[in-house]
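Contents: one structure, followed by commentary.
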Protein chains: 2
Amino acid sequence: MTDASHALSALADPTRRRVFERLAESPASVAEITRGLTVSQPAVSQHLKVLREAGLVTGTPKGASTVYRIDPAGLGPLRQWLDRFWDAQLEAFARVVDEDKP
Amino acid sequence: MTDASHALSALADPTRRRVFERLAESPASVAEITRGLTVSQPAVSQHLKVLREAGLVTGTPKGASTVYRIDPAGLGPLRQWLDRFWDAQLEAFARVVDEDKP
DNA sequence: GGGATGCATCAGTCATGACTTATAATAAGC
DNA sequence: GCTTATTATAAGTCATGACTGATGCATCCC
């Protein structure tokens with residue numbers, strides 16, 4: 001029902017959102033991600049851990065470094081959750097229209 | 001670009017999400033919302049303020065009470081933001097497929 | 001008008017989490 | 001093998017924000 005909660009709380013943080021947006025452009029290592037930000041490397045690793053546990057990104061070891069990429073299925077639950085309210089809104093609107101009938 | 005940030009941080013909180021979900025079913029007063037939860041009335045008012053400032057709900061005074069309802073346009077930016085990554089993912093996939101060609 | 005109800009704001013408490021530096025662990029290159 | 005590079009974890013600090021009770025302010029009803 002609300003497995004979107006993980007995605008929501010993960011993406012609520014601005015820094016974590018920037019990490020996610022960075023990976024949306026192309027896969028990158030932790031060092032590469034860190035270069036684009038103003039926080040330390042451990043901070044980036046911690047953010048990546050949260051994003052990983054939320055199913056939003058995946059990390060695959062590549063030699064000494066680890067390449068992170070977006071998990072395509074990660075945003076699914078959030079999208080679904082959002083659509084529920086979209087539908088609910090349409091229902092509510094239909095209800096109001098219905099009440100206007102004699 | 002990321003006006004979705006307000007919506008994200010607003011919906012990241014579980015209690016606030018429950019308030020939002022409650023209003024998705026039907027408009028309600030603050031007292032009615034509070035009845036469905038386990039937090040105090042001031043807490044609900046504070047959550048409603050955040051949701052209001054995020055453009056997710058609207059409150060209209062009705063006599064002594066205030067009726068809150070979902071703002072249909074509120075989730076728009078968040079949906080749009082989400083779709084950006086959906087598209088980016090498709091692009092990335094197309095790029096990979098392209099690279100496989102001789 | 002006076003009491004009651006419904007909501008918002010104030011002030012204060014407390015937990016969570018975002019960040020830091022330091023350090024451990026693993027892999028690559030000389 | 002030893003140094004260097006890359007990442008993950010540990011420990012600690014600090015700010016933010018979610019909650020509470022108390023209070024102010026309207027509005028309705030008698």
Side-chain angles (χ1 to χ4, degrees), chain A residues 2-23 26-71 78, chain B residues 2-23 25-71 74 78:
Chain A
T2 309
D3 195 4
S5 66
H6 297 139
L8 277 171
S9 60
L11 294 174
D13 181 73
T15 303
R16 212 146 45 209
R17 228 170 16 238
R18 272 190 272 164
V19 170
F20 186 73
E21 291 175 347
R22 166 66 185 83
L23 292 180
S26 71
S29 67
V30 177
E32 288 171 341
I33 298 172
T34 304
R35 279 186 234 301
L37 302 177
T38 60
V39 296
S40 65
Q41 171 267 316
V44 173
S45 279
Q46 289 164 11
H47 283 311
L48 285 170
K49 182 178 184 180
V50 175
L51 290 171
R52 229 185 312 125
E53 290 172 349
L56 293 173
V57 305
T58 62
T60 65
K62 180 111 177 181
S65 74
T66 302
V67 176
Y68 279 89
R69 41 172 46 86
I70 286 189
D71 187 343
L78 181 52
Chain B
T2 311
D3 197 4
S5 64
H6 297 138
L8 277 171
S9 58
L11 294 174
D13 182 73
T15 304
R16 212 147 43 211
R17 221 159 35 228
R18 271 190 273 163
V19 170
F20 186 73
E21 290 175 347
R22 166 65 184 83
L23 292 180
E25 294 182 10
S26 71
S29 67
V30 177
E32 288 170 339
I33 298 173
T34 304
R35 277 185 235 300
L37 302 177
T38 60
V39 296
S40 65
Q41 171 267 314
V44 173
S45 279
Q46 289 164 10
H47 284 311
L48 285 170
K49 182 178 183 178
V50 174
L51 290 172
R52 228 186 311 123
E53 289 171 348
L56 292 173
V57 305
T58 61
T60 64
K62 181 110 177 183
S65 75
T66 303
V67 176
Y68 280 88
R69 41 171 48 83
I70 285 191
D71 187 342
L78 181 51

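Just so we're on the same page: letters track the sequence lines, and every chain starts at 1.
- Residues satisfying the side chain to side chain donor-acceptor pair (under 3.5 Å) criterion with R18(A), sequence neighbours excluded, are absent altogether.
- For the segment residues 29-47 of chain B, residues with any heavy atom less than 4.0 angstrom from an atom of DNA chain C are, sorted by number, S29(B), V30(B), A31(B), Q41(B), P42(B), S45(B), Q46(B).
- Looking only at distances, a side-chain donor or acceptor of R16(B) sits under 3.5 Å from a matching main-chain atom of A10(B).
- For R69(B) (side chain) and V57(B) (main-chain N/O), no donor-acceptor pair under 3.5 Å exists by modelled atom type.
- Residue L37(A) holds its CG atom at 9.5 Å from CZ of R22(A), rounded to the nearest 0.5 Å.
- The side chain to side chain donor-acceptor pair (under 3.5 Å) test applied to Q41(A) returns S45(A), not counting sequence neighbours.
- A heavy atom lying under 4.0 Å from DNA chain C marks the following residues of residues 56-71 of chain A, by number: G63(A), A64(A).
- A 4.0 Å heavy-atom criterion places the boundary nucleotides of DNA chain C facing chain B at dG6(C) to dC10(C), written 5' to 3'.
- To the nearest 0.5 angstrom, L11(B) atom CG is 11.5 Å from S5(A) atom OG.
- Among residues two or more places apart in sequence or in another chain, the ring-ring contact (aromatic ring centres under 6.0 Å, His included) test is passed with Y68(B) by none.
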I33(B)/L48(B) under side-chain contact (heavy atoms from CB on, under 4.5 Å): CA gap, chis, key distance, verdict = CA-CA 10 Å; I33(B) 298 173; L48(B) 285 170; 4.2 Å; yes
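- The CD1 atom of I70(B) sits 9.5 Å away from the CD atom of E25(B) when rounded to the nearest 0.5 Å.
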